[in-house]
Amino acid sequence: EGGVAEEVIPNTFDATAMTPEQLNATVAKALDYGHTELAITLAADADATMFSAITAALAADGIEEGSIDLTISGAKTVPECTFYVDEYVNENWRAGAALRSVTLTDATTIGESAFFSSAMTSFSAPNVIEIEGFALEGCMKLTDVYLPSVQTLGDAVFSDCYALKTISLPECIDLGNGVFNSCEALETVYAPKATNLGAIEFMMCTSLMKVTLGSVVSVNQLYESIDNGLFCLANDTKNIE
């Protein structure tokens with residue numbers, strides 16, 4: 001009675017006109033308030049400094065591993081190593097460990113190693129066309145992937161994603177080397193337009209049951225045969241269609 005109303009801190013904000021310092025402070029304030037779902041709109045040409053402002057806030061002490069659902073809109077490119085979980089590569093490496101899910105509503109390109117070894121279980125990027133090498137490598141908890149528009153995957157994009165069971169890539173044409181290397185739980189890959197394949201594509205995919213590809217025109221000849229080159233050391237599989 002007669003008290004001061006508590007300030008309500010939003011979890012959705014437009015950062016298109018913010019400086020990196022302002023963005024960092026805004027995200028930190030939302031996290032301190034207790035928000036675990038964040039929706040941030042960046043400028044289309046947002047650079048690495050703006051992404052670093054986000055990761056610096058997410059890397060703060062007290063943010064639990066796998067607790068943050070992050071949506072980023074507006075930005076067309078996610079820079080390399082943005083959420084890279086390795087303290088020797090990325091000073092804000094704990095940001096990747098904090099992620100539970102990531103949605104990129106407008107991005108068309110994801111840089112090399114952008115989410116390397118992050119803790120997320122879900123990843124959605126409906127407008128992404130190209131994902132550079134190692135971008136999602138080592139995301140060991142990743143189970144749900146939505147990439148309806150991607151056309152090019154660089155080397156080892158999903159390598160060591162141990163929990164991934166099925167993936168649909170309806171528009172993908174080019175697969176780099178070892179895209180699904182050591183995806184031990186992977187059962188189904190649907191890529192009906194994929195015509196250019198890398199070497200050791202499904203190496204150690206010991207649960208693989210069905211792969212749908214296009215009319216393959218090229219396979220990276222790291223090995224002499226398609227069998228060894230694509231399914232190397234996937235000997236425990238029962239039937240691959």
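Values below: all heavy atoms of this structure, side chains included; hydrogens, waters and symmetry mates excluded. In this text, all values refer to a predicted model and were calculated from it rather than measured experimentally.
By the neighbour-count criterion of 12 heavy atoms within 6.0 Å, atom CD of Gln22 is densely surrounded, having more than that number from other residues, nucleotides or ligands. Annotation: Phe13, atom CZ; neighbour count of heavy atoms from other residues, nucleotides and ligands within 6.0 Å is above 12.
No side-chain donor-acceptor contact under 3.5 Å links Glu80 to the backbone of Glu112. Side chain of Asn90 to backbone of Thr82: a donor-acceptor contact under 3.5 angstrom is found. With hydrogens and angles disregarded, a donor-acceptor distance shorter than 3.5 Å links the side chain of Glu201 to the backbone of Val179. Asn11 places no side-chain N or O within 3.5 Å of a backbone atom of His35 that could act as its donor or acceptor partner. Remark: the backbone N or O of Gly176 is not paired with any side-chain donor or acceptor of Asp155 at under 3.5 angstrom. Panel note: side chain Ser149, backbone Pro126; a donor-acceptor pair is recorded below 3.5 Å. Between the side chain of Ser182 and the main chain of Ser159, no donor-acceptor pair closer than 3.5 Å is present. No donor-acceptor pair under 3.5 Å is formed between the side chain of Asn181 and the backbone N or O of Asp160. In this structure, Ser52 contributes its side chain and Thr49 its backbone to no donor-acceptor pair below 3.5 Å. In this structure a side-chain-to-backbone donor-acceptor pair under 3.5 Å is missing from Thr188 to Thr166.
For the pair Met50/Pro20, a side-chain contact is recorded, criterion being any heavy-atom separation below 4.5 Å from C-beta on. When side chains are defined from C-beta on, Ile72 counts as touching Ile54, because their heavy atoms get closer than 4.5 Å.
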Phe158 vs Leu136, side-chain contact (heavy atoms from CB on, under 4.5 Å): CA-CA, chis, key distance, verdict: CA-CA 5 Å; Phe158 293 105; Leu136 297 158; 3.5 Å; yes
Audit row: Leu42, Leu23, side-chain contact (heavy atoms from CB on, under 4.5 Å) steps and yes/no: CA-CA 10 Å; Leu42 300 175; Leu23 176 57; 3.9 Å; yes
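For the residue pair Asp174 / Asn196, a side-chain donor-acceptor distance below 3.5 Å is found, with atom types taken as modelled. Using modelled atom types, one finds no donor on one side chain facing an acceptor on the other under 3.5 Å when comparing Ser122 with Ser101.
The structure places NZ of Lys165 at 11.0 Å from CG of Leu186, a figure rounded to the nearest 0.5 Å. Rounding to the nearest 0.5 Å gives a distance of 4.5 Å between CG of Leu147 and CD1 of Ile131. In this structure, CD in Glu65 is found 11.0 Å from CZ in Arg94, a value given to the nearest 0.5 Å. Interatomic distance, CG of Asn92 versus CZ of Phe51, reported as 13.5 Å (0.5 Å rounding). The distance from the CG atom of Asp144 to the OG atom of Ser124 is 10.0 Å, given to the nearest 0.5 Å. With rounding to the nearest 0.5 Å, the separation of CZ in Arg100 from CG in Asp69 is 4.0 Å.
Between Phe115 and Phe123, the ring planes lie perpendicular to each other; the angle is over 60°, past the 30° to 60° tilted range.
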